[in-house]
Amino acid sequence: MSALRALLVAATALGLGATAMAEDKPNPPADAKAFQDYFVKKFPKVAFDDFVNGPYSMNADMRRQWEEKEQFPPYEFALEAGKEMFAKPFKNGKTYADCFPNGGIGIRQNYPYFDDKEGKVVTLELALNRCREANGEQPYSYVKDEMASLTAYMAYTSRGKRFDIRIPDDPRALEAYEKGKEYFYTRRGQLNFSCASCHVQSPGERIRAEILAPALGILNAMPIYRSEWSGMGTISRRIVTCNSQTRAVPLEPQSDEYRNLEYYLSYVSNGLPVSGPGARP
Amino acid sequence: MRHFPRHFPRHVSTTNVMKKIVFATMVATVCAGSARAASEADYLAAAAAAESANKEAGRLRNQWTVTQAALNAAKKAAESGNFDSAVKSAQEAEALAKASIVQATSEMQRWKDLEIR
């Protein structure tokens with residue numbers, strides 16, 4: 001519990017310090033710079049690209065175990081399944097490749113994007129289900145294996161490509177980004193924690209057996225295999241789980257809030273490489 | 001789903017919001033301790049108040065899992081005819097739902113304090 005106590009002290013100190021600050025206009029590039037600088041300064045020994053490895057970037061012992069495991073990665077099965085699913089034609093003869101730029105290969109780093117026709121953020125998981133529906137297929141659950149397999153494959157074909165999330169010159173896009181930021185920092189649940197309470201103020205600290213991942217690059221390794229789940233988890237599944245941990249009722253996967261949140265979190269990780277699918281203890 | 005140990009929220013209660021929340025819970029507990037045995041009507045009234053507060057929390061997209069858990073416990077107690085316990089749980093649910101509303105409302109400004117700048 002001492003890690004959590006430290007976290008609270010930090011939260012209180014930060015709160016007092018920041019209230020006096022002037023409010024300024026939305027400025028995503030400045031946000032991203034401040035965000036990245038914060039983690040780089042906090043963890044001077046962690047190489048920039050290593051932040052995408054979540055808890056492993058924070059802990060040498062865990063990292064060693066992981067590197068041994070990577071020789072037979074536990075996501076292998078999902079990756080194979082995803083590759084097959086991706087290639088298999090729908091009943092109408094079309095495939096996922098028909099729905100995505102570059103046939104869906106090597107494009108993970110561009111998601112989520114702002115869709116100016118809908119006026120909303122579109123995540124990769126959402127785009128996959130929309131592709132299914134447009135081709136007369138039932139959508140997949142956002143928190144189950146099929147979606148994890150498909151996104152695992154798409155991440156794999158994009159490994160090493162650097163996140164390149166764009167905020168077009170459109171007030172709605174900027175608003176989506178700002179709302180995502182607000183969601184990220186808003187405390188919720190009976191435990192009164194925001195995403196930032198754990199993943200900004202306490203990365204590297206332990207919560208029970210787990211080591212908290214830094215918020216910088218936190219989506220780059222998704223989807224992930226987790227022993228605790230004995231399976232794969234999508235971004236949606238992870239966010240829902242993190243909400244429940246604070247005793248907050250999670251929102252529906254791919255709700256506007258979660259889409260905006262993913263937009264914000266991905267944007268401030270621009271420049272970091274895709275490393276998914278990942279494996280966690 | 002993982003749960004933190006029961007004593008966990010106490011560490012969290014250092015902020016003003018949490019003080020209000022804890023206070024609300026205490027008020028509810030004191031109110032629930034009246035001498036007269038509770039009736040089904042008391043339970044129904046307490047549950048309706050809790051449901052309505054929880055609905056408002058839902059409108060603010062900020063329900064707590066523990067609110068629904070307390071409501072479920074109230075329903076279960078009422079079904080077995082234990083209306084004292086049912087009223088107590090329903091009042092707890094209402095206090096939790098109100099605390100979640102206070103949280104959502106105060107966070108509309110307070111979230112900025114945490115932002116990395």
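These values consider heavy atoms only, across backbone and side chains, with no hydrogens, waters or symmetry-generated copies. Numbered from 1 within each chain, the chains take letters A, B, ... in sequence-line order.
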### Task
Determine whether the side chains of B:Gln63 and B:Ser100 contain a donor N or O and an acceptor N or O closer than 3.5 Å.
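Checked: B:Gln63/B:Ser100 side chains show no N/O donor-acceptor pair below 3.5 Å.
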### Task
Taking only Lys NZ, Arg NE, NH1 and NH2, and the carboxylate oxygens of Asp or Glu, determine whether B:Arg61 and A:Glu257 approach each other closer than 4.0 Å.
yes
### Inter-residue atom distance A:Arg162.CZ - A:Asp49.CG, 0.5 Å rounding
4.0 Å
#### Entry: Proximal component of A:Thr186, with respect to chain B [non-hydrogen, under 4.5 Å]
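Both parts, backbone and side chain.
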### Task
Select one option (side chain, backbone, both, neither) describing which atoms of A:Lys33 are under 4.5 Å from chain B's heavy atoms.
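Neither the backbone nor the side chain of A:Lys33 comes within 4.5 Å of chain B.
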### Query
When heavy-atom pairs shorter than 4.5 Å are enumerated against chain B, which of A:Val268, A:Leu251, A:Asp31 gives the highest number?
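Of A:Val268, A:Leu251, A:Asp31, A:Leu251 has the most heavy-atom pairs under 4.5 Å with chain B.
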### Message
If we check ring pair (Phe, Tyr, Trp, His ring centres under 6.0 Å) with A:Tyr264, which of these qualifies: A:Tyr258, A:Tyr183, A:Tyr177?
### Response
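Only one of A:Tyr258, A:Tyr183, A:Tyr177 forms a ring pair (Phe, Tyr, Trp, His ring centres under 6.0 Å) with A:Tyr264, namely A:Tyr177.
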